[in-house]
Amino acid sequence: MNFKSTRGTGATVSAAQAIKQGLADDGGLYVPESLPVLTDADFTELCLQSYAERAAKILGMFLTDYTEEELLRDCEEAYSEESFPGGAAPLVSLRSGLEMLELWHGPTAAFKDMALQIMPRLLSRALLKTGEDRTALILVATSGDTGKAALEGYRDVPRVKIVVFYPMDGVSRVQKLQMATQQGSNVGVHAIRGNFDDAQNHVKAIFGDAEMSRKLDEKGYFLSSANSINWGRLAPQIVYYISAYCDLVNSGKIKMGDAINVCVPTGNFGNIFAAYLAKRMGLPVARLICASNSNNVLTDFLETGTYDRNRPFHLTMSPSMDILISSNLERLLYFTAGSKRTAEYMDALRQNGCYTVDADVLLAIREHFVGYYASEEETAETLHRVFERDGYLADPHTAVAITAAEKYTAETGDRTPVVVASTASPFKFANHVFRAVTATEPSGDLEALDELSAKTGTAIPYPLAGLASREIRFRTVCDCREMPDAVLRFAD
Ligand SMILES: *Cc1c(COP(=O)(O)O)cnc(C)c1O
């Protein structure tokens with residue numbers, strides 16, 4: 001299986017090369033040349049397997065230049081009981097009927113771990129498979145969750161180093177502490193004076209700087225990225241939708257072949273696009289419900305066919321969805337409209353911040369997707385209601401999805417079972433959750449963890465327990481213009 005660019009003009013490459021490179025030469029995103037299909041026999045086999053075995057099988061359908069043994073070993077290490085106590089992607093049924101697919105039992109308590117625990121292993125192997133003798137230097141600009149999950153994933157991985165930049169005042173207390181206390185001999189963390197866009201723009205400038213590449217090359221390094229446009233992050237996310245379906249069949253909740261709906265709290269369109277791929281591979285998914293917060297650019301797009309990022313940007317309590325350019329939507333456009341039209345739409349987006357897809361494209365997309373959004377008020381109400389009604393503590397991102405799923409069901413009367421992606425531990429956003437659930441203020445952002453735990457009788461997950469007493473390893477704050485020097489120093 002080879003990979004090509006969504007924009008049609010880049011070279012065709014192997015999976016290992018696509019993972020090493022991240023972005024295609026022509027600025028497009030890598031997509032597989034064809035989509036593998038799961039047979040009835042495959043489903044029967046998958047239902048009998050562990051999560052790691054399911055992951056190895058599904059990844060193997062895309063990463064044909066990796067052996068079965070390699071993938072199985074990597075998946076068993078990535079999704080071990082030690083990293084994901086109690087299982088990698090458990091389902092929890094709510095009394096009200098929703099099936100919560102909990103993707104946050106990994107080492108950083110957010111769903112990014114599902115991909116970032118396995119992707120570093122795939123990259124290490126990609127270096128060998130492509131004959132690369134330099135060290136990969138991963139650069140990340142983060143608004144919180146991705147930075148920590150990438151640090152934890154790449155920690156102490158041979159022939160890889162990772163530097164993360166985050167906006168000094170743009171991440172939560174918990175997120176800041178999670179990054180500042182990061183362990184590992186190959187990691188660097190810098191707070192920068194500026195906002196997330198400043199960090200992101202300077203990281204992009206470093207990637208585009210030929211002189212910088214030359215200097216790093218002399219030192220034996222090349223730059224690589226860990227963000228969700230990399231195929232190595234997308235492929236592992238297909239697995240848990242298929243795994244959840246098997247678990248529903250095994251528990252007798254559905255029969256093999258029955259349809260389900262899937263609802264995903266969406267930012268960059270990576271997670272929900274993985275669900276779409278699972279559907280295209282043969283998973284019986286009827287509707288893909290795309291849930292947004294008040295940055296509802298996708299809700300409007302799915303309604304009208306016009307994608308318009310020229311709108312106010314809202315800071316919400318679900319910050320990982322505060323995004324106005326959903327990069328992975330480009331992959332859906334490719335599969336729906338082909339590479340020529342995708343390149344045109346992306347050109348218009350770059351020039352005008354806006355594009356409108358042709359009527360046939362919108363129709364084809366709406367065959368699979370429907371979009372709903374939740375305001376801040378609705379999200380808080382859902383956090384409260386779900387705790388009172390179902391005894392379930394959700395995080396704000398997940399609450400956005402629950403709101404969307406309930407709006408969909410109320411509007412359509414569709415009784416198909418809904419699997420909702422639960423993307424972060426409520427304790428990662430304990431201050432907001434405490435406020436919504438108890439209608440009182442916590443004593444402080446860090447104190448909110450213990451207070452939420454005491455008030456609801458729910459244990460703090462292991463990655464967040466005792467966070468305040470861990471040793472701080474990274475205190476440096478730099479100006480954006482010092483970022484290239486920080487990178488070069490780190491490559492010594
Ligand atoms: C990243 C993230 C999302 C959004 O996922 P996308 O793949 O970017 O759509 C949702 N919830 C949480 C908690 C996240 O960290």
Side-chain angles (χ1 to χ4, degrees), residues 29 89 100-117 119 140-153 166 171-172 174-175 178-179 196 200 226-238 240-241 262-278 288-293 295-299 301-302 316-332 369 371 373-374 379 383 393-404 420-430 432-433 461 463-464:
L29 310 188
M100 307 305 297
L101 175 57
E102 294 188 342
L103 304 171
W104 44 262
H105 292 275
T108 77
F111 97 95
K112 306 286 192 289
D113 289 329
M114 298 301 296
L116 281 164
Q117 282 299 301
M119 185 180 162
V140 181
T142 184
S143 56
D145 284 350
T146 298
K148 176 61 187 180
L151 285 163
E152 197 55 43
Y166 71 87
V171 303
S172 74
V174 171
Q175 288 173 323
Q178 275 190 299
M179 288 189 276
F196 171 68
Q200 174 93 324
N227 62 23
S228 74
I229 54 178
N230 193 309
W231 182 256
R233 256 188 78 177
L234 204 51
Q237 299 183 355
I238 301 170
Y240 43 75
Y241 294 108
V262 171
C263 180
V264 185
T266 296
N268 220 358
F269 209 75
N271 201 3
I272 196 167
F273 182 70
Y276 167 80
L277 288 176
L288 294 155
I289 305 167
C290 175
S292 301
N293 63 23
N295 295 295
N296 56 356
V297 60
L298 285 166
T299 319
F301 171 70
L302 292 170
T316 72
M317 59 178 144
S318 48
S320 299
M321 299 159 71
D322 292 344
I323 285 179
L324 291 178
I325 298 191
S326 299
S327 312
N328 272 298
L329 187 61
E330 177 168 351
R331 285 189 163 110
L332 177 65
F369 290 89
Y373 79 96
T379 306
L383 284 168
L393 209 50
D395 101 289
H397 302 76
T398 308
V400 167
I402 295 172
T403 311
V420 177
S422 174
T423 50
S425 158
F427 287 92
K428 201 150 186 185
F429 304 93
H432 295 300
V433 175
L464 301 175

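If you read the sequence from its start, that first residue is 1, and numbering goes on from there. Numbering of ligands and ligand atoms starts at 1, following listing order.
Those atoms of ligand 1 that come under 4.0 Å of a heavy atom in Ala424, given as number and element, are 13 (C). Ligand-side atoms of ligand 1 in range of Gly270: 6 (P), 7 (O), 9 (O), range being under 4.0 angstrom from any heavy atom. Of all atoms in ligand 1, numbered sequentially from 1 with element shown, those under 4.0 Å from a heavy atom of Thr266 are 9 (O).
Scanning all heavy atoms of the two residues, the minimum distance from Ala291 to Ala404 falls at CB-CB, 3.5 Å. What you find for Ala149 and Asp113 is that their closest heavy atoms are CB-OD1, 3.6 Å.
We find the NE2-CZ distance between His397 and Phe111 to be 9.5 Å, quoted to the nearest 0.5 Å.
Under the 3.5 Å distance criterion, with hydrogens and angles disregarded, no donor-acceptor pair is assigned to the side chains of Asn328 and Asn268.
At a threshold of 4.5 Å between non-hydrogen side-chain atoms, the residues Lys428 and Asp145 count as touching.
Checked against a 3.5 angstrom limit, the closest N/O atoms of Asn271 and ligand 1 fall inside it. Residue contacts with ligand 1: Asp145 is placed with a nitrogen or oxygen under 3.5 Å of a nitrogen or oxygen of the ligand (distance criterion only). Note: no N/O pair closer than 3.5 Å links Phe111 and ligand 1 by distance alone.
The side chain to side chain donor-acceptor pair (under 3.5 Å) test with Asn293 is passed by exactly one of Thr266, Asp322, Thr299, Thr379: Asp322.
No more than 12 heavy atoms of other residues, nucleotides or ligands lie within 6.0 Å of OH in Tyr373, so this atom counts as exposed by the packing criterion.
When heavy-atom distances to ligand 1 are checked against a 4.0 Å cut-off, Lys428 has no atom that comes that close, whether in backbone or side chain.
Nearest non-hydrogen protein atom to atom 1 (C) of ligand 1 is Lys112 NZ, 1.4 Å. Of all protein heavy atoms, the one lying nearest to atom 4 (C) of ligand 1 is Gly267 N, 3.6 Å. Counting only heavy atoms of the protein, atom 11 (N) of ligand 1 lies nearest to Thr423 OG1, 2.9 Å. Of the protein's non-hydrogen atoms, the one nearest atom 10 (C) of ligand 1 is Pro265 O, 3.6 Å.
In this structure, the ring of Phe269 has its center less than 6.0 angstrom from the ring center of Phe369.
Heavy-atom proximity to atom 8 (O) of ligand 1, evaluated over Val400, Ile323, Asn268, Ile272, is greatest for Asn268.
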